[in-house]
Amino acid sequence: MVIDILIIDALSAGSGRRVTSRDAIGCGPRSVAGVLEASGFSCKIRRAEDVLTGRSGIRGFRHLAISAMTMDAPSVRRIIRAWRRHHQGVVLLGGPIATGGKQTLISLKPTLMVVGEGERTLDELIRAGFFEDAADLHAIDGIGFMDHDNPVFTAPRRRLTSQELDSYRPSITRIMDYPAYQASRVYVEVLRGCSNFRRTTLELPDGRVCIDCGNCDSPSLADRLDCPAGIPPGCGFCSVPSTWGPPRERSEQAIVDEVTGLLDLGVHRIVLEAPDFLDYRRGHVPQTDPCSPAANLEAIESLLSRLASLPQIAEGNAHLSIENVKACLFTDEVAALIAKYVHGTSPNIGLETGSGSHMRSIGKGGSPEDVVRAVRAARHHGMSPFVYLIYGLPGENEQTAEESIRLMKLLSDAGAERIILYGFQPLPGSAFAAFPPASAKSHLGRRLRRAAEDINRQKKTHYVGRVIRGVAAEPSLTHKGYTMVYPLGEGPIMTVLGGYSPGTVMKVRVVKPLSAGLLLGEVLREDDRDWDVQ
Ligand code: SF4
């Protein structure tokens, strides 16, 4: 049987193999599948990596849709070439990679690029007969395509309201297309967009600079949407506010329905996806102030209590977690509430730089003191917070690096489980799009990396001897004859001797660290359901 659409999940595939977040399944491809299924199209999802290594084929489909990030361009190029060798069908390209505009269109040559939110655009393409080769593309907003040899981009797509977003339901059944979905972190979208509409005050390479109009701090939330100097909103390194706008939530019922369906299909690990989970129903539309008003405790409790009472989670056989939170919203009260329903979670808190003035100059809300307070609150309530920093950011200097190293140590003592340090990468659509990427060889980058590694190595040894409940995922790529085991709750990634089927739940005793990101474990007991909830 020929299936209508093959959806390729190329997110994080890079040049062919995912090296980070191997246990993560993002929500974008399932959202695309949901729109297609609602219109009566059959579809299947494949990982880019599986297609490129020949583990999954691309024959037997009429059309191709690819979801990717900017860094995934090499994989996308190879997949499109392979597709065109055997198929006449169209190639749609969407996701964050589409912010690359004309350059991406010309370089990767999809039939059509979906720019910005895809649901409504895909819906209109289907209704206009795009897959039957009958659509007048000029009449559809939010797309880019080649008209003969000319790249054409139609008007930007208006962003969906919360109600409109809620009318689209991601496919639940297509989760089973992912190998090892039972062991993976499956992301369920709670809200889209970010409330940080402050902007960088650093001069951009093309001369744009803040003229101090006051909009970024205006009491009018609508005024914050506009910058007369043309500077994209948000932290300078991030493209979320310019691409997705202010936060829009899905309804509590839609989230609960999706999580229920996924758990019933055997998913063990659910992550509530949001650029900042604490923006959930914070009120005021558009919500463009990152730190005020405070988080909506009532709405968060209503959602989390329903999710925590789903049988698989209540019995401890599946785990719920939240990730991204802004430090300025993460108060002791918030920490207590989350800890009540989401046990031992690891909130991800962005610090980016330990210097308060550098933080303000890159457009970030809050302060380093907020991050220290948030980490203490998280640890006090039994959570294992991760703190994120970036080296090579515009504005970095000896002084900011010194302050970042001091803050890393302070945060480690305050209870940060891990310091995660990334090299700056310019993203299309962000204020810092035209700055050079971080150099791994830079003197400051090396100092920052060493400081973070020292802290993390020391923390990893704390796991030795501990018993962690995990889920078998896939054969290890680096240790022959071993199986990768992901923690059922929060914790480190482990590898154990022997072959285990994906989804096998087990107790693992940590033997020793194998690298900064991997621990060697031994299986204590194979079991399905009968442990006490830890
Ligand atoms: S809106 Fe633009 S010009 Fe106005 S304060 Fe913010 S960055 Fe400066």
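Just so you know, these numbers use all the heavy atoms, side chains as well, and skip hydrogens, waters and symmetry mates. Keep in mind that what you see is a predicted model, and the values were worked out from it rather than measured.
Screening Arg159, Arg248, Arg250, Arg158 for a salt bridge (Lys or Arg N to Asp or Glu O under 4.0 Å) with Glu164, the sole residue that qualifies is Arg158. Each of Leu108, Leu93, Leu92, Ile97 was checked for a side chain to side chain contact (heavy atoms under 4.5 Å, CB included) with Met113, and the lone residue meeting it is Leu93.
A donor-acceptor contact shorter than 3.5 Å is absent between the side chain of Asn317 and the backbone of Gln312. Judged purely by atom type and a 3.5 angstrom limit, Asp9 has no side-chain atom pairing as donor or acceptor with the backbone of Arg46. Side chain of Arg199 to main chain of Phe197: a donor-acceptor pair is present (N/O by atom type, distance under 3.5 Å, no hydrogens or angles). Using a distance-only test at 3.5 Å, with no hydrogens or angles considered, a donor-acceptor pair links the side chain of Ser309 to the main chain of Arg306. The closest donor-acceptor contact from the side chain of Ser242 to the backbone of Gly429 lies under 3.5 Å. In this structure, Thr288 contributes its side chain and Leu221 its backbone to a donor-acceptor pair below 3.5 Å. A donor-acceptor contact shorter than 3.5 Å links the side chain of His268 to the backbone of Gly266. Of the possible donor and acceptor atoms, none in the side chain of Ser218 sits under 3.5 Å from a partner among the backbone N and O of Arg224. Without hydrogens or angle criteria, Arg269 side chain to Ala183 main chain gives a donor-acceptor distance under 3.5 Å. Here the side chain of Arg157 pairs a donor or acceptor atom with the backbone of Asp141 at under 3.5 angstrom.
Side-chain contact between Leu125 and Leu137 is present, with at least one heavy-atom pair separated by less than 4.5 Å. Between Tyr178 and Ile45, the closest side-chain pair of non-hydrogen atoms falls below 4.5 Å. The shortest distance between side-chain heavy atoms of Ser305 and Tyr341 falls below 4.5 Å. In this structure, Pro437 and Pro426 have side chains that are in contact, with non-hydrogen atoms separated by less than 4.5 Å. Side-chain atoms of Leu52 and Arg47, non-hydrogen and from C-beta on, never get closer than 4.5 Å to each other. A 4.5 Å side-chain heavy-atom check between Cys27 and Pro170 finds every atom pair outside the cut-off. In this structure, the side chains of His343 and Ile313 stay at 4.5 Å or more apart for every pair of heavy atoms. With a 4.5 Å cut-off on side-chain heavy atoms, Arg30 and Leu262 count as touching.
A perpendicular orientation is assigned to the rings of Phe435 and Phe432, their planes being inclined by more than 60° (bins at 30° and 60°). The aromatic rings of Tyr388 and Tyr422 sit parallel, their planes meeting at an angle under 30°, below the 60° perpendicular limit.
Heavy-atom minimum distance, Pro275 versus Cys194: CB-CB, 4.3 Å. Pro293 and Leu329 get closest at one heavy-atom pair: O-CD2, 3.6 Å.
Judged purely by distance below 3.5 Å, without hydrogens or angles, the side chains of Glu189 and Ser31 never pair a donor atom with an acceptor atom.
Here CD1 of Ile143 is found 8.5 Å from NE2 of His138. Values are rounded to the nearest 0.5 Å. In this structure, the separation between CE on Met176 and OH on Tyr181 is 5.5 Å, given to the nearest 0.5 Å. Rounding to the nearest 0.5 angstrom, the gap separating the CD1 atom in Ile7 from the CZ atom in Phe61 is 9.5 Å. With rounding to the nearest 0.5 Å, the separation of CG in Leu11 from CE in Met69 is 5.5 Å. Separating the NZ atom in Lys326 from the CZ atom in Phe277 is a distance of 13.0 Å, to the nearest 0.5 Å. Rounded to the nearest 0.5 angstrom, Arg174 CZ and Leu36 CG are separated by 10.5 Å.
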Next on the checklist: Please determine whether side-chain contact (heavy atoms from CB on, under 4.5 Å) holds for the pair Gln182 and Tyr486, giving the CA-CA distance in whole Å, both sets of side-chain angles, and the decisive distance to 0.1 Å.
Outcome noted: CA-CA 10 Å; Gln182 308 93 328; Tyr486 299 142; over 6 Å; no
Checklist entry - Between Val76 and Ile8, does a side-chain contact (heavy atoms from CB on, under 4.5 Å) hold up when you go through it step by step? => result CA-CA 9 Å; Val76 172; Ile8 296 281; over 6 Å; no
Checklist entry - Given Glu298 and Arg281, is the salt bridge (Lys or Arg N to Asp or Glu O under 4.0 Å) satisfied, shown in steps? => result CA-CA 9 Å; Glu298 206 178 309; Arg281 296 191 181 279; over 6 Å; no
Checklist entry - Does the pair Ile66 and Ile80 meet the rule for a side-chain contact (heavy atoms from CB on, under 4.5 Å), with working shown? => result CA-CA 9 Å; Ile66 306 175; Ile80 293 178; 3.7 Å; yes
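Taking the six-membered ring where the residue is Trp, the centroids of Phe131 and Phe41 are separated by under 6.0 Å.
The local environment of CD in Gln253 is crowded, with over 12 non-hydrogen atoms from other residues, nucleotides or ligands closer than 6.0 Å.
A salt bridge links Lys340 to Glu301: at least one charged side-chain nitrogen sits closer than 4.0 Å to a carboxylate oxygen.
Taken together, the cysteine pair Cys328 and Cys291 places its SG atoms within less than 2.5 Å of each other.
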